[in-house]
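Before any comments, here is the structure.
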Amino acid sequence: MLQLYGNLRSRATRCLWMLEEIGEPYELVERSTSPADLQTPDYLRLNPNALIPTLVDGDLVLWESMAINLYLAQKYGGPMHCGPEVTGLASQWSIWAMLELDGLLLDLLMHRALLPDFCRDPSHATRSELLLKRPLGILDKALAARGHLAGDGFTVADLNVASILAWGRISRLDLSACPHLARWLDGCLARPAYARLRALSGRN
Ligand SMILES: N[C@@H](CCC(=O)N[C@@H](CS)C(=O)NCC(=O)O)C(=O)O
C-alpha cells in the first residue's frame, strides 16, 4: 500500500489531497516536523532533507510534494491521469508555483496566522502580499483564457497550484484584483476530495 510520511498541518496535505482524488488505498505515517521525528537514521534514509512529505511506493521513495503529485497522476491517475502535454504544463505550473508562490505565501501565513501574536511582523505580510501581485496577475491572466491550467478539466496542474494558494485562504490574501483566479480557486477547493481532506484535519 502507498505510504505517505507527514501530517495534516504541513505540505503533506498537498499529497493527501491528491491521494484522495485518485482513490488509491494509502496509509498516512504520522511524522511531525520536530527533529525527534525527522532526524532519525530511519527517516533520513528515506528523506536526507529531514523534511515531510515523503512517499513510499514499493521500492520507490519520493520527496518534494509537487513531484509526488506528478508521479501519482502519472501512475495511478484514474480521473487524474494525464498525457504528455498535460504533464508538461503541470510540471511547468508546479515548478513555477514553488518558485513564485510557495515562499511568499508561507511568509504571509506565518505572519498573519501561525506565529504567536508577539512574533508576527506586519511588514512581512505587507511585503509578501506586494510581491505576490505579479505572479497572481500572471495566474489570473492564464485562467481568464481558460478555466483550468492544463487540459479540459481539473488536473494535477490545478491541484498543485491550488494546494499552495489554499494557504492564502487562512492568511486573508486579497484576491479582489484577480477575479478569474478567485473563481478557479473556489472551484478547486470545493472538490469532494478536498472536503474529505478537511474532514480528516477536523476542519469541516
Ligand atoms: N519543498 C518541499 C518542502 C518540504 C518542507 O519544507 N516541509 C516542512 C513541513 S511543511 C518540514 O518538513 N519542515 C521540517 C523542518 O523544517 O525541520 C516540499 O514541497 O515537499
Side-chain angles (χ1 to χ4, degrees), residues 2-22 24 26-57 60-76 80 87 89-116 119-120 124-125 128 131-132 135 139 149 155-171 173 185 188-189 193-194 197-198 200-203:
L2 291 164
Q3 288 182 311
L4 188 81
Y5 287 74
N7 67 62
L8 287 153
R9 296 161 310 285
S10 70
R11 287 180 179 86
T13 52
R14 299 169 182 175
C15 305
L16 291 167
W17 180 2
M18 185 64 180
L19 286 162
E20 289 293 330
E21 291 282 354
I22 64 175
E24 199 66 27
Y26 69 88
E27 177 194 1
L28 172 61
V29 185
E30 283 278 349
R31 287 287 180 279
S32 73
T33 50
S34 78
D37 264 6
L38 304 184
Q39 300 278 0
T40 65
D42 280 353
Y43 191 71
L44 288 169
R45 257 192 296 280
L46 294 178
N47 188 334
N49 305 290
L51 297 173
I52 50 172
T54 302
L55 179 80
V56 178
D57 182 11
L60 180 73
V61 179
L62 264 185
W63 30 266
E64 283 297 329
S65 53
M66 302 280 114
I68 291 171
N69 284 353
L70 291 163
Y71 166 76
L72 290 172
Q74 282 284 299
K75 179 153 182 200
Y76 296 100
M80 298 288 281
T87 302
L89 286 167
S91 306
Q92 168 199 282
W93 282 113
S94 302
I95 294 167
W96 175 86
M98 286 304 289
L99 293 171
E100 304 287 333
L101 304 177
D102 188 79
L104 292 172
L105 276 162
L106 181 60
D107 206 41
L108 192 64
L109 183 68
M110 296 306 287
H111 288 277
R112 283 241 171 104
L114 295 190
L115 287 172
C119 295
R120 292 186 197 177
H124 267 264
S128 296
L131 291 174
L132 278 164
L139 200 51
L149 290 174
T155 68
V156 61
D158 301 296
L159 188 152
N160 274 355
V161 178
S163 65
I164 296 177
L165 280 165
W167 282 346
R169 279 282 169 88
I170 310 165
S171 45
L173 173 66
L185 185 59
C188 293
L189 301 185
Y194 190 75
L197 172 66
R198 287 178 61 87
L200 287 174
S201 326
R203 288 181 288 128

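Computation of the quantities below employed the complete heavy-atom set of this structure, encompassing side-chain atoms and omitting hydrogens, waters and symmetry-equivalent molecules. All ligand and atom numbering here is 1-based and tracks the order in the structure.
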Using a 4.5 Å cut-off on heavy atoms from C-beta on, say whether the side chain of P53 contacts that of I68. yes
L139 vs L165 side-chain heavy atoms within contact, under 4.5 Å: yes
Classify the ring geometry of Y43 against Y5: parallel below 30°, tilted from 30° to 60°, perpendicular beyond 60°. tilted
List the protein residues in contact with ligand 1, where contact means a heavy-atom separation under 4.0 angstrom. S10, R11, R14, T33, L38, L51, I52, P53, E64, S65, M98
Donor-acceptor contact below 3.5 Å, side chain D158 vs main chain T155: yes
Return the set of residues passing side-chain hydrogen bond (donor to acceptor under 3.5 Å, both in side chains) with E64 (not counting sequence neighbours), or none when no residue passes. none
Begin from the C-alpha positions of R14 and S65 and carry the test side-chain hydrogen bond (donor to acceptor under 3.5 Å, both in side chains) through to its verdict. CA-CA 7 Å; R14 299 169 182 175; S65 53; 3.1 Å; yes
